[in-house]
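In what follows, a single structure is set out as C-alpha cells and then discussed.
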Amino acid sequence: MPIPTEVVGSLPRPDYLQQAYAEYDSGKISKEELIKLQDKAAADSLSRMQQTGEIYISDGEQRSSSFATYPILDTLGGTGLNENLSADGGQYFAIFDDGHHRQLPKLIRGPFKYKNYAWQNFQKSLPLAKGHSMKQAVIAPSMMYLLYPLSETLEGYSKDQFEKDLIEECEKDIRGCFEAGAKRVSIDFTEGRLALKNDPRNPWTGASLLDRFIELNNSVLDRFSPAERANIGVHTCPGGDCDSVHSSEVPYHTLLPSLFRINAGYFLIQLASENAATRASIHQEIGKHLRRDAKGVKQVAFIGVINPLDPVVETPEQVCESLLEASKHIPVDQLGATDDCGYSPFSIDRKPKHGGNPDFARDIAFQKISARIQGSKMASEKLRI
C-alpha cells in the first residue's frame, strides 16, 4: 500500500465566516444566519479538500469555538460557559513564545459533563461531504483534566469521581463520531510536549503529570477494540496558534518514549518545523519506540512534512525527500505523512506574511495539503510500495 496521508483537522476560516462570528457575538446577525454561513464554509472546505486527493476529509472545524473548548462552550459564538465552570481563577494551559496565552476555565462543582460533542458538528457536515470518507478531531481527556483545581478538592466532588466522569464523556465523544459515520478520529494532545516544559508560569507541568496524562488517555482508549483503535490517532505538536508555539524547545527524545505508550493506532507528529539537524535523530527515536503490537494494533507514525506556520508552500519533491529520509529509520509499513498542526481556524490572521487576509491563508493551506499528497505518492513510487 502507498504511504498514507492524513490532515490534522483544522483549516483557516474564510473572511466572511470570521466576520459572521464577530457579528453574531455583537447581536448583529441571528443564529440562523450564522449557521447558514457555517454550512457554506464547511461545504467549501470539504469540496476543496476532496479536490486535493485527501482520503479522509474534514470540514476544518468551521463550527467549533476552538479545538480545546468545544465541550464546554456554546459551539456558535464561543460563549455560554458550562454552568459548573467559572472563567475566574482558571489556569493557563499554554503560554506562547510571542507572549499570548490560552486559558482554561475552572471547575467549581460537579458533575463534569460535556456541553457539546464533536460528533454533533460532524453530523451537520457529513451530508455536505457527498459520500466521501470523513475524519473528526477531538480533544484529549488530558486537556480536560486541567479543568479540575490543582491544589484543592471540590466539596462533594472528588478528583477520582471527576476522572471517572471525564473518561465517560471522552469515550462518548469518540464513539459518537464513529457512530455518526467518521472513519477516523484523532485526539489533539498538544499538552503532551508542553507538560515537559520547565516554565514557572505554568504550575501544572512536569514529567509525573505527563505520566498521568498518558494513563488518562489509555483509560479512554482501552474501552475500544483493537479494530476501533486502529482508526484512533493522537496528534502531538508544540502548539500552533497566531503563528507562535509554546513548547518547541522541549527535545522530542524526552517525549517520544512516553508518547508511544498510548495505545492508539496512529500518531500525527509535528516534524517539518523542527531543526533540520535534529530530524534524523527524531526519526531514529520514532523507529525505536513505535510499537508493532500496541494491545493488538500496529502503530503508524504520520510525520509532519508540511509547516502550517510558514506561508511558503512546500514542493512535492521536498515532501518526498522528507519521507525517504524518514524511511531509513521508520519501517515503511508504519510510516505516514501529515501536516505539523492544524491551521488555527479560530484565529483572525491578518498578518502581512499571510497576505493580510484569512482567505489567502486558506488558499495556502489547500496548496500545502495538495503538495503533501503529491509528495507522498512520489515517495511511495520511489520506495516501490
Side-chain angles (χ1 to χ4, degrees), residues 21 24-25 27 31 34-35 61 63-95 101-124 136-177 179-180 185 187-192 194-195 201-206 209-210 212-223 241 346:
Y21 271 98
Y24 175 76
D25 285 342
K31 174 180 177 180
L34 176 59
I35 290 174
E61 300 176 12
R63 309 175 193 276
S64 297
S65 54
S66 87
F67 82 96
T69 60
Y70 72 86
I72 55 177
L73 295 178
D74 186 336
T75 57
L76 287 172
T79 57
L81 193 63
N82 185 310
E83 60 273 10
N84 288 350
L85 296 164
S86 172
D88 297 329
Q91 60 192 347
Y92 297 153
F93 79 80
I95 302 172
H101 65 267
R102 296 290 177 182
Q103 186 173 11
L104 289 172
K106 178 182 179 180
L107 191 70
I108 55 175
R109 68 178 69 90
F112 174 73
K113 299 292 181 185
Y114 277 20
K115 188 168 185 179
N116 304 286
Y117 297 91
W119 57 262
Q120 292 171 304
N121 281 335
F122 180 89
Q123 282 183 323
K124 297 173 185 176
Q136 179 62 47
V138 301
I139 194 61
S142 46
M143 177 69 82
M144 294 293 94
Y145 176 77
L146 298 174
L147 296 172
Y148 197 96
L150 283 175
S151 57
E152 60 182 284
T153 299
L154 296 179
E155 184 177 355
Y157 193 54
S158 68
K159 180 166 282 190
D160 285 345
Q161 185 58 54
F162 164 71
E163 290 178 6
K164 291 177 183 177
D165 291 342
L166 172 61
I167 291 166
E168 288 283 344
E169 291 298 286
C170 291
E171 180 192 2
K172 288 179 188 177
D173 203 26
I174 297 172
R175 198 171 295 283
C177 290
E179 291 174 352
V185 176
I187 300 170
D188 287 318
F189 186 48
T190 187
E191 65 277 13
L194 183 56
R201 298 170 299 174
N202 246 347
W204 59 266
T205 56
L209 188 59
L210 176 62
R212 187 71 193 107
F213 283 172
I214 291 170
E215 290 172 2
L216 278 170
N217 293 340
N218 276 338
S219 292
V220 173
L221 288 169
D222 289 349
R223 295 184 171 207
D241 185 38
F346 47 91

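All of these numbers come straight from a predicted model, not from anything done at the bench.
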Search all heavy atoms of [X] against all heavy atoms of [Y] and return the closest pair with its distance.
X: L216; Y: S142; result: CD1-CA, 4.5 Å
X: Y21; Y: S64; result: OH-N, 4.2 Å
X: L154; Y: R109; result: CD1-N, 3.9 Å
X: P149; Y: K159; result: O-NZ, 3.9 Å

Decide yes or no for [X] and [Y]: does some side-chain heavy atom of the first lie under 4.5 Å from some side-chain heavy atom of the second?
X: L166; Y: L147; answer: no
X: Y70; Y: N121; answer: no
X: Y148; Y: T153; answer: yes
X: P71; Y: N116; answer: no
X: E179; Y: W119; answer: no
X: V138; Y: C177; answer: yes

What's the spacing between [X] [atom1] and [Y] [atom2] if we round to 0.5 Å?
X: E155; Y: I108; atom1: CD; atom2: CD1; value: 12.5 Å
X: E61; Y: F122; atom1: CD; atom2: CZ; value: 13.0 Å
X: I167; Y: K172; atom1: CD1; atom2: NZ; value: 13.0 Å
X: Y117; Y: Q136; atom1: OH; atom2: CD; value: 14.5 Å
X: L221; Y: I214; atom1: CG; atom2: CD1; value: 11.5 Å
X: T190; Y: I139; atom1: OG1; atom2: CD1; value: 8.5 Å

**Prompt:** Mind checking whether Y114 and F112 have parallel, tilted or perpendicular rings, split at 30° and 60°?
**Reply:** perpendicular
**Message:** One pair to check against salt bridge (Lys or Arg N to Asp or Glu O under 4.0 Å): K115 and E169. What are the steps and the verdict?
**Reply:** CA-CA 10 Å; K115 188 168 185 179; E169 291 298 286; over 6 Å; no
**Prompt:** Do other residues, nucleotides or ligands put more than 12 heavy atoms under 6.0 Å from E152 CD?
**Reply:** yes
Is [X] reaching over with its side chain to a backbone N or O of [Y], donor-acceptor style, under 3.5 angstrom?
X: E191; Y: M143; result: yes
X: S158; Y: Q161; result: yes
X: N84; Y: P111; result: yes

**Item:** Intermediate values then yes/no, side-chain contact (heavy atoms from CB on, under 4.5 Å), D173 and V185
**Value:** CA-CA 10 Å; D173 203 26; V185 176; over 6 Å; no
**Request:** State whether R223 and E168 are salt-bridged, where the test is any N-O pair (Lys NZ or Arg NE/NH1/NH2 against Asp/Glu carboxylate O) under 4.0 Å.
**Result:** yes
